[in-house]
2 protein chains.
Amino acid sequence: MARPTRALLSRQIIARAAIQLVDDGHELQVVPLAERLGVSVSSLYHHVRGRVGIIHAMREVLSEEYRLAPVAHASWEDTVRTSVRTLWNLYGDHPRVLPLLLSVVIDEPATVNFYGVLVDALDSAGIPENEILSTVETLDAFAFGVALDSLSPNLIFDPGTEESRLGALARSHPVGQERNQLLFERGLDLLILGIRERARTAR
Amino acid sequence: MARPTRALLSRQIIARAAIQLVDDGHELQVVPLAERLGVSVSSLYHHVRGRVGIIHAMREVLSEEYRLAPVAHASWEDTVRTSVRTLWNLYGDHPRVLPLLLSVVIDEPATVNFYGVLVDALDSAGIPENEILSTVETLDAFAFGVALDSLSPNLIFDPGTEESRLGALARSHPVGQERNQLLFERGLDLLILGIRERARTAR
DNA sequence: ACCTGAACACCGTTCAAGT
DNA sequence: ACCTGAACACCGTTCAAGT
């Protein structure tokens with residue numbers, strides 16, 4: 001069976017399998033990927049330009065998920081909150097993929113109508129026009145940073161500081177998923193407060 | 001010359017060369033690393049447990065730089081500002097190394113007396129005790145996210161949105177290093193404002 | 001056009017040999 | 001204890017052959 005009647009592979013099929021592979025905690029390797037797909041390794045090269053091409057395809061698939069996201073709410077605060085939460089979910093659903101995405105140069109125009117919604121919300125919040133994009137980027141960097149933080153599930157602290165205030169706080173601090181969740185909520189609250197204050201003083 | 005009178009290598013020497021290699025935009029590969037160090041590849045294995053061991057050593061070296069950082073200022077705001085800036089500098093000086101560090105499990109106690117200073121500052125700012133650590137983590141995630149953002153030097157936006165507000169803003173938005181710098185300053189301002197407000201309403 | 005198996009280059013790791 | 005060169009396993013990529 002050299003050529004099947006119906007194509008077994010596609011750029012998207014490969015990308016989805018690759019995302020799953022990495023999500024499961026494995027390295028992005030061509031041999032295990034081909035195994036999962038039930039094809040020979042060299043078959044992949046008919047659809048993707050090698051390993052780097054696979055990473056590009058992964059990016060494209062994940063970008064698609066962006067497109068579904070943006071919803072404008074009545075208040076700017078609700079819009080900002082749900083947008084940042086969506087970004088965090090998107091990044092956080094595949095934290096192990098993120099380092100891979102950093103390694104490829106982006107050559108496709110990102111689907112940033114998502115950002116358009118955020119821009120409008122920040123505008124109606126009262127953020128000065130020349131600060132809006134930096135604010136959007138701040139929210140993005142925050143969501144990205146929090147997602148990556150989830151890869152190190154515990155707060156690491158020096159045993160030598162056990163007697164200090166830090167040590168005391170650390171002992172009653174949650175770990176893992178719960179810690180990451182809390183960090184997100186706190187950071188989002190602070191950023192919302194900051195945006196509101198910035199708008200007030202700019203008025 | 002099988003054994004030199006004085007050791008040519010050390011864990012630290014290897015780590016520093018590796019950081020430089022990655023900073024220069026190269027992959028972390030054993031052969032080029034050995035070349036830079038002027039030794040044979042197998043020599044490395046007398047000091048480090050393979051490639052993963054090299055990454056651990058890189059982490060250790062970079063952690064050392066933490067230790068120098070913490071300085072308590074008169075006002076909580078100055079302390080927070082300089083601390084976050086230091087984190088950002090640390091991460092931002094070696095953005096390409098960061099994805100590597102994410103791939104290893106941390107088995108050394110981090111030198112977090114740095115965080116102790118931040119904890120004290122947030123306490124004197126008036127942040128409720130049970131929110132302090134999450135706030136520290138928020139600041140850390142922000143600095144980390146901004147550093148990684150610097151790897152994608154431009155704001156990517158869909159050419160289709162050229163006529164929109166987003167397109168208009170994007171055209172007058174800086175790129176590269178300057179864009180990243182601006183994003184950091186804006187985000188830090190927002191977070192400071194947010195912390196101040198949180199403390200005010202908690203009082 | 002799409003899949004395969006074999007061949008190849010490359011990279012990380014090991015180990016016996018040398019001082 | 002520390003460095004070397006050779007040998008080895010592994011992984012990404014290419015390509016002629018098959019439908």
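Computed over heavy atoms, backbone and side chain alike; hydrogens, waters and symmetry mates excluded. Below, read A as the first sequence line, B as the second, and so on, with proteins coming before strands; counting in each chain starts at 1.
Taken from CZ in A:Phe142 to OG1 in A:Thr138, the straight-line distance is 11.0 Å, to the nearest 0.5 Å.
Dashed line: the shortest gap from a side-chain N or O of B:Ser40 to OP1 or OP2 of D:dT4 is under 4.0 Å.
Counting only residues at least two apart or on different chains, the salt bridge (Lys or Arg N to Asp or Glu O under 4.0 Å) pairs with a member in residues 36-48 of chain B are B:Asp24-B:Arg36. Sequence neighbours left out, the pairs with a member in residues 74-87 of chain B that pass salt bridge (Lys or Arg N to Asp or Glu O under 4.0 Å) are B:Glu77-B:Arg81, B:Glu77-B:Arg196, B:Arg81-B:Asp189, B:Arg85-B:Glu185.
Between the C1' atom of D:dG12 and the CD atom of A:Gln29 lies a distance of 10 Å, rounded to the nearest Å. In this entry the distance linking CZ of A:Arg49 with C1' of D:dT13 reads 13 Å, nearest Å. The nearest whole Å value for the distance from the OH atom in A:Tyr45 to the P atom in D:dA17 is 21 Å. When the P atom of C:dG18 is taken as reference, atom NE2 of B:His46 falls 15 Å away, rounded to whole Å. The interatomic distance linking A:Arg11 (CZ) with C:dA1 (C1') rounds to 17 Å, in whole Å. Between B:Ile13 atom CD1 and D:dC3 atom C1' the separation is 14 Å, expressed in whole Å. D:dT13 atom P lies 12 Å from atom CD1 of A:Ile14, rounded to whole Å. As rounded to whole Å, 11 Å separates atom P of C:dG12 from atom CD1 of B:Ile55.
Taking B:Arg16 as the reference, nothing meets the salt bridge (Lys or Arg N to Asp or Glu O under 4.0 Å) condition, with sequence neighbours excluded. Under the side chain to side chain contact (heavy atoms under 4.5 Å, CB included) criterion, A:Pro32 pairs with A:Leu21, A:Gln29, sequence neighbours left out. Checked against salt bridge (Lys or Arg N to Asp or Glu O under 4.0 Å), B:Arg51 has no partners two or more places apart in sequence or in another chain. The side chain to side chain contact (heavy atoms under 4.5 Å, CB included) test applied to A:Ala18 returns A:Leu28, A:Leu33, A:Ile54, A:Met58, not counting sequence neighbours. Residues that satisfy the salt bridge (Lys or Arg N to Asp or Glu O under 4.0 Å) test with A:Glu129, not counting sequence neighbours, are B:Arg165. Not counting sequence neighbours, the partners of B:Glu197 by the salt bridge (Lys or Arg N to Asp or Glu O under 4.0 Å) test are B:Arg200.
Distance from the side chain of B:Leu9 is smallest to D:dC3 among D:dC3, D:dG12, C:dT13.
Listed by residue number, the members of residues 30-38 of chain A with any heavy atom below 4.0 angstrom from DNA chain D are A:Val30, A:Val31. A heavy atom closer than 4.0 Å to some atom of DNA chain C occurs in no member of residues 20-27 of chain A.
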Anything under 3.5 Å between a protein N or O and an N or O of nucleotides 6-9 of chain D, put it in a table, one pair a line.
none

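A salt bridge links B:Arg179 to A:Glu137: at least one charged side-chain nitrogen sits closer than 4.0 Å to a carboxylate oxygen.
Here the closest non-hydrogen pair linking B:Val30 and B:Leu44 is CG1-CD1, 3.6 Å.
For the residue pair B:His26 and B:Gln20, no side-chain donor N or O sits within less than 3.5 Å of a side-chain acceptor on the partner. The closest side-chain donor-acceptor pair between A:Asp120 and A:Tyr115, if any, does not fall under 3.5 angstrom.
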* **Stepwise side chain to side chain contact (heavy atoms under 4.5 Å, CB included) test for A:Asp149 and A:Phe144** => CA-CA 9 Å; A:Asp149 170 274; A:Phe144 200 77; over 6 Å; no
* Asked: Where does DNA chain D pair, written as one dot-bracket string 5' to 3', with Watson-Crick or G-U pairs under 3.5 Å, ( ) inside the strand, [ ] for crossing pairs and | for another strand?
  -> ||.|||||...|||||.||
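If you check every strand for non-hydrogen atoms under 4.0 Å, A:Leu44 touches nothing.
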